[in-house]
Number of protein chains: 2
Amino acid sequence: MIERKEHLFIVFENLLSIKNQCSSEILCECGSSDITMKQVRYLQVIDEHGEITFSKLAEVTRNSKPTISEMINKFIRMEYVYKKRSPDDGRIYYICLTEKGQNVCRCEQIALLKLTQRMVLSLNEAEVSTLIGILGKVR
Amino acid sequence: MIERKEHLFIVFENLLSIKNQCSSEILCECGSSDITMKQVRYLQVIDEHGEITFSKLAEVTRNSKPTISEMINKFIRMEYVYKKRSPDDGRIYYICLTEKGQNVCRCEQIALLKLTQRMVLSLNEAEVSTLIGILGKVR
DNA sequence: GGTTCATTAGTTAGTCATTACCTAATTATA
DNA sequence: TATAATTAGGTAATGACTAACTAATGAACC
């Protein structure tokens, strides 16, 4: 009983370790191993909106516009985002993620995808189905 | 086929989400929701050594002693560590983790433990055994 | 055993670079 | 005149350093 709990912990620890290693690799490949969590979160907010204006991003993140302006300039230098002038209103720019920016802010999902792909390779179809069935019950 | 891969991804995404929520809760309970990753890593180094001297910690982390001195003073203020005078050598202090410090630097493991405990509650013994069997094959 | 001196452990002062944020003033556009 | 974004100048916190310092230890010598 106790043995089973510990065992479950160990197999999940192993899986998580594989996932974390994938995440690290993704960030390293992007040359972003030292990006801060706040930076990742801001990129995630941009990702959620597809493309977003400076004013909107300031509003959504509760920062001032100058703060956003500086941050976006920095992200441009880091090649995470680019800005696109609005065709309709010369005042407005849209902030868009580059491929690098997308990879960085989605690196946890990409890592998880790689983990599940790796699982599908290690296991047969019946095992995968069984896993889905059992794990789907966890709340 | 494609459906199965996506499904596996989704069930694992759900599990990971539960785990991440546990982590956040642990850090919030400790009043440490804004601790930095570097700080967590330093606490993990201290954890790995049980108790460690300033000089040793400087050596292991490749920082200067004044840097370690300041960091540890800050961790003391944050109640993550305390220092213990060596009984043998008046120059030497040992840096030890408080319970809070231990919780903070182990929060990922604690969260994973809570997740696996939750799984054990949701599933019967046969299912748990099956999981262990299948997931143990993943490399 | 006491003294002296070199060494070690850790601290303090001052400093620098970076990140994350601000307001006020400005420029460009509507 | 109002809005969108930028620039200038600023603060606070984090993460790191060197130089100089204090306190304690240990070896050598008397």
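Residue numbering restarts at 1 for every chain, and letters A, B, ... go by the order of the sequence lines.
- B:Ile26 and B:Met119 fall into different hydrophobic clusters, where Ile, Leu, Val, Met, Phe, Trp and Tyr are joined by side-chain heavy atoms under 4.5 Å apart, directly or via other members.
- Residue B:Leu43 contributes atom CG, which lies 11 Å from atom P of D:dG15 at whole-angstrom precision.
- At least one side-chain nitrogen or oxygen of B:Ser64 sits closer than 4.0 Å to the OP1 or OP2 atom of D:dC17.
- For D:dA24, one of the phosphate oxygens OP1 or OP2 lies less than 4.0 angstrom from a side-chain nitrogen or oxygen of B:Arg85.
- Between B:Lys83 and C:dT11, a side-chain N or O to OP1/OP2 separation shorter than 4.0 Å is present.
- An OP1 or OP2 oxygen of C:dC21 is reached within less than 4.0 angstrom by a side-chain nitrogen or oxygen of A:Tyr42.
- Straight-line distance from the CD1 atom of B:Ile72 to the P atom of C:dA9: 16 Å, rounded to whole Å.
- Note that the NZ atom of A:Lys84 and the CD1 atom of A:Ile95 stand 11.5 Å from one another [nearest 0.5 Å].
- At whole-Å resolution of the value, CZ in A:Phe54 and P in C:dT29 are 15 Å apart.
- When each of D:dA4, D:dT25, D:dT14 is scored by its nearest atom to the side-chain atoms of A:Ile92, the top-ranked nucleotide is D:dA4.
- A close approach under 4.0 Å does occur between a side-chain nitrogen or oxygen of B:Lys38 and OP1 or OP2 of D:dA16.
- Between B:Glu70 atom CD and C:dT12 atom P the separation is 10 Å, expressed in whole Å.
- Contact check, A:Ser55 against D:dA5: a side-chain N or O comes under 4.0 Å of OP1 or OP2.
- Under 4.0 angstrom from either OP1 or OP2 of D:dT6 there lies at least one side-chain N or O belonging to A:Ser69.
- Between the side chain of A:Ser32 and the backbone N or O of A:Cys28, no donor-acceptor pair lies under 3.5 Å.
- The shortest distance between the side-chain N/O atoms of B:Thr67 and the OP1/OP2 oxygens of D:dC17 is below 4.0 Å.
- Considering only the side chain of B:Asn63, D:dA16 comes nearest among D:dA16, C:dA28, D:dA24.
- Rounded to the nearest 0.5 Å, atoms OH (A:Tyr80) and CG (A:Leu97) are 11.5 Å apart.
- In this structure, NZ of B:Lys74 is placed 16 Å from P of C:dT12, rounded to the nearest angstrom.
- Taking all atoms of both residues into account, the shortest heavy-atom contact from A:Ile132 to B:Val11 is O-CG1, 4.2 Å.
- A:Leu123 and B:Ile134 get closest at one heavy-atom pair: CD2-O, 3.4 Å.
- If you measure from atom NZ of A:Lys65 to atom C1' of C:dT27, you get 13 Å, rounded to the nearest angstrom.
- Checking C:dG14, D:dT7, C:dG10 against every side-chain atom of A:Pro66, the shortest atom distance belongs to D:dT7.
- With C:dA24, D:dG15, C:dG10 as the choices, the nucleotide that has an atom nearest any side-chain atom of B:Tyr93 turns out to be C:dG10.
- Summarising the geometry, the separation between CD1 on B:Ile52 and P on C:dA9 is reported as 13 Å, rounded to the nearest angstrom.
- Taking only side-chain nitrogens and oxygens, A:Thr53 never comes nearer than 4.0 Å to OP1 or OP2 of D:dA4.
- For A:Met71 and D:dT7, the CE to P distance is 16 Å, given to the nearest whole Å.
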